[in-house]
Number of protein chains: 2
Amino acid sequence: MSTQDLIRQLREPNKTKIVLLVADGLGGLPIEPGGKTELETAVTPNLDAFAAEGTVGLSTPVAPGITPGSGPGHLGLFGYDPLVHDIGRGVLEALGIGVEVGPKDVAIRGNFCTIDAEGHVTDRRAGRIPTETCEALVAKLQAGIKIEGVEVLVEPVREYRLVVRFRGEGLGDRVCDTDPLSTGLLTLEPKGEDAASEKTAKIAAEFLRQAKAILKEEKPANFLMLRGFAKFPKIDTMEEVYGIKPVAIAVYPMYRGLARLVGMTVVEPGKTLADQIEVAKANWDAYDFFFIHYKYTDSTGEDGDFPRKVAMIEALDAEVRKLRALAPDVLIVTGDHSTPSRMRAHSFHPVPTLIWAPATSRPDLVTTFGERPCLQGGLGQFLAKDLMPLALAHAGRLQKFGA
Amino acid sequence: MSTQDLIRQLREPNKTKIVLLVADGLGGLPIEPGGKTELETAVTPNLDAFAAEGTVGLSTPVAPGITPGSGPGHLGLFGYDPLVHDIGRGVLEALGIGVEVGPKDVAIRGNFCTIDAEGHVTDRRAGRIPTETCEALVAKLQAGIKIEGVEVLVEPVREYRLVVRFRGEGLGDRVCDTDPLSTGLLTLEPKGEDAASEKTAKIAAEFLRQAKAILKEEKPANFLMLRGFAKFPKIDTMEEVYGIKPVAIAVYPMYRGLARLVGMTVVEPGKTLADQIEVAKANWDAYDFFFIHYKYTDSTGEDGDFPRKVAMIEALDAEVRKLRALAPDVLIVTGDHSTPSRMRAHSFHPVPTLIWAPATSRPDLVTTFGERPCLQGGLGQFLAKDLMPLALAHAGRLQKFGA
């Protein structure tokens, strides 16, 4: 029996409130041997107080050694095993730029490319055209392409990248990429592996035919390739699984999209973490699970900017104080993965995590929040997908199993 | 999805080097209450330095409470779940004495025994004949037995034990043991559970018929019994799963055989750990995964010789220093199981483990290598099969999972 199946059996209603504050890419590494991580360096009196009163540990997002993208990282935190619930590339790309994806949709990643007179690809990235060119070309495609029986949406991403969404009845997503993966070759024809996917493949072929005509005179982006065809994955909502009403208060589109995937209501978050906490306060009675996403611990890590990541953690700490006034029954502070500024990338390292639940927290000996202190914590090292059952338990939302 | 399936998807080439140094039976126990283990007693400045700079923890070879043999112990370290990949007894016995086992082979454990005139077993171990007698009898069998269509190899093990290997086309291994398990009974006829195994059973019956004739006049070993029929297990190689080129530098046949099972190249190791490290150095450019096996931490433990095990750990420590000069990207020091000298046997206790990876190790607070320090380490307690994903991650050989 999966943990989610067990929880469906055991869940019971309560009026308790859970706050999940995700500091994206929270975990880090020291820059120098013997040094401290970003979180250990940051002065965080408020997080330290929650850590001292609550229980801390380290979360492994997917499995030991596995570096997650934002999708699997968040699914784990929402209690969905990222190895079971796979979200296709096209859907993630669409969510990342704020394109909604629903059950009737197939989302696809697109690349502008350059082809020669015979149709051979000469540049798979069309000379990395500037984003403004991408936007102009996408506008032409959107205006020009009409396909019967399907709603076509084209959106720019960045440079040579775009997203295409087909919305229609009975569309499958088992369609091959059209990128031949090397220059000097013809682009591939989209082909479907089953009847529904063949329907999508035919639409894609017509899309490409019209796009080729529209882009014919452009330089260097005179064609495009499609890859990562993906449908909206079938995921039971958090309300169905846990019996809670969740709300997402996230500034960046990717995280709003991921929240929608698991059935969260997405509300306008404002611009800053202070705004987000205000929004939580304003919606306090309407929901019982509050997902608050904070991006800047990740983006500064990806920039390789150790001092800036420290500053972003300290900025988070200053706001976290206000959550105490909301008096949630359970507060979780964690990350979806580590983003050490030393690596300038997501990493596989476990993520510092705290659960603060005044009524039920069993204290450990840890009084500060950081990678090394968390090693001594009462949560030990655990898989991210086990966090939701712990949150529900602390919130008094799970009955006893067996008599 | 299994971890190995995931790794196949995520692996990416790199030029990084991984060294896996297995100190067989490394973990131990104190002799007296309040005392130190062998590893804690040993003076190990070099291991301590790696532990201080790297991350340590405790490896559970198979599952809590399970004492592994060398086969499951090493499969776990190589990243193969020992509960999924079962290696038959016959194959392990063959590997242990240096008999090669390939895809066309069935390997079988044999026992010399004593039977009376009616064929009833009177001694299942033939009075534990000395090994020299075993060798002489095996030579007679090898010289005398001829079976059409199959290549027969007979090799002595020790005392009354031997190994038989049939090499031929289409041989199965689902063949019952011929040992009746009590004296006073007739030996059993080999029987196959399927067509391929019935072929093997017929060959085994003919082997036993000829052996009975050859051994007729011997005392006390006038017959033999066969058990543990086993084929070479179907295991994908480490290169297939991880995309690495592995080499085994192991002195003892069992570990060379286990390395071959997972597709490692086996090279001449010399005689000492110093030789083995020289061999690693000489082969540094040709491979990217170096399995170095050190036996004496286990054999001294099995002898119940605490001070000698301490000395063997210190001897290892002195050599480990030289690995630093090779500058591997990842160095792992661990054992395949514990062998406490107090128990004179393999045990189920978790195994001290260190991962040293200068570019990506997240430091913990541990500065010495030992069972108790490892309890405080950043690796926590983990399953041995999770070690390879961590090694590959530290070696920059795994892409991000999902976007």
Side-chain angles (χ1 to χ4, degrees), chain A residues 27-30 32-37 40 57-58 60-76 81-93 95-96 109 228 230 254 258 337-338 340 342-343 345-350 371-376 380-382, chain B residues 1-7 9-12 18 49 52-59 79 242 330 332 353 355-367 373-403:
Chain A
L29 284 176
E32 289 172 12
K36 292 179 173 182
T37 67
E40 290 167 355
L58 287 158
T60 293
V62 177
I66 305 303
T67 297
S70 299
H74 278 81
L75 279 190
D81 187 340
L83 293 174
V84 172
H85 301 277
D86 195 19
I87 310 173
R89 291 277 171 163
V91 169
L92 276 172
E93 189 89 331
L95 297 179
R109 303 168 88 185
M254 170 71 89
L258 287 166
H337 53 77
S338 293
R342 194 169 91 195
M343 293 175 71
H346 292 196
S347 84
F348 56 90
H349 298 87
E371 285 80 354
R372 271 169 280 208
C374 282
L375 278 174
Q376 316 293 323
Q381 300 210 30
F382 59 93
Chain B
M1 179 162 44
S2 77
T3 306
Q4 285 202 342
D5 288 342
L6 182 60
I7 286 178
Q9 287 179 25
L10 301 181
R11 70 180 201 221
E12 64 180 346
I18 301 170
E53 295 163 31
T55 316
V56 303
L58 288 157
S59 161
Y242 306 131
V330 183
I332 297 172
T353 301
I355 301 182
W356 176 84
T360 47
S361 275
R362 177 188 278 172
D364 45 35
L365 294 167
V366 177
T367 55
C374 282
L375 279 174
Q376 314 296 323
L379 297 175
Q381 300 210 29
F382 59 93
L383 289 172
K385 70 187 170 79
D386 287 330
L387 202 55
M388 271 304 298
L390 284 170
L392 294 167
H394 278 290
R397 286 174 172 271
L398 293 179
Q399 294 168 33
K400 188 162 67 173
F401 171 58

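Predicted model only: the values in this text are computed from it and were never measured. Note: hydrogens, waters and symmetry copies are ignored here, and every other heavy atom, side chains too, is used. Chain letters run A, B, ... following the sequence lines, proteins first and then strands; every chain starts at 1.
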Heavy-atom closest contact (B/P389 atom, A/P64 atom, distance): CB-O, 3.3 Å
Under 4.5 Å from a heavy atom of chain A, the part of B/T360 involved: both
Toward chain A, the part of B/Q376 with a non-hydrogen atom under 4.5 Å: both
Residue among A/R342, A/H337, A/M254 with most heavy-atom pairs under 4.5 Å to chain B: A/R342
Portion of B/L392 that has a non-hydrogen atom of chain A nearer than 4.5 angstrom: neither
Residue part contacting chain A, namely of B/L379, when any heavy atom lies under 4.5 Å: backbone
Residue part contacting chain B, namely of A/P350, when any heavy atom lies under 4.5 Å: both
Whether B/Q381 side chain and A/Q381 backbone form a donor-acceptor pair below 3.5 Å: no
Pairs of heavy atoms under 4.5 Å with chain A: top-ranked of B/L10, B/D364, B/L398: B/D364
Rounded distance [0.5 Å steps], NE2 in A/H346 versus CD in B/Q399: 14.0 Å
Where at least one partner belongs to residues 390-403 of chain B, residue pairs that pass salt bridge (charged side-chain N to carboxylate O under 4.0 Å, His left out), sequence neighbours excluded: B/D288-B/R397
Test log, rule side-chain hydrogen bond (donor to acceptor under 3.5 Å, both in side chains), inputs A/S338 and B/R362: CA-CA 11 Å; A/S338 293; B/R362 177 188 278 172; 3.2 Å; yes
Choice from A/E93, A/M343, A/E371 maximising heavy atom contacts with chain B below 4.5 Å: A/E371
When B/G377, B/G378, B/G380 are compared by non-hydrogen pairs under 4.5 Å with chain A, the top option: B/G378
Residue selection (most heavy-atom pairs with chain A, distance under 4.5 Å) from B/L383, B/T3, B/L6: B/L6
A/L58 versus chain B, the contacting section by heavy-atom distance below 4.5 Å: side chain
Nearest heavy atoms of B/G402 and A/P72, plus distance in Å: CA-CG, 3.9 Å
Interchain contact, A/L83 with chain B, by part (heavy-atom threshold 4.5 Å): both
Non-hydrogen side-chain atoms of B/F401 and A/P82 separated by less than 4.5 Å: yes
Among A/P33, A/G34, A/G69, residue most engaged with chain B (heavy-atom pairs, under 4.5 Å): A/G69
All pairs passing salt bridge (charged side-chain N to carboxylate O under 4.0 Å, His left out) where residues 382-396 of chain B contributes a residue, at least two apart: none
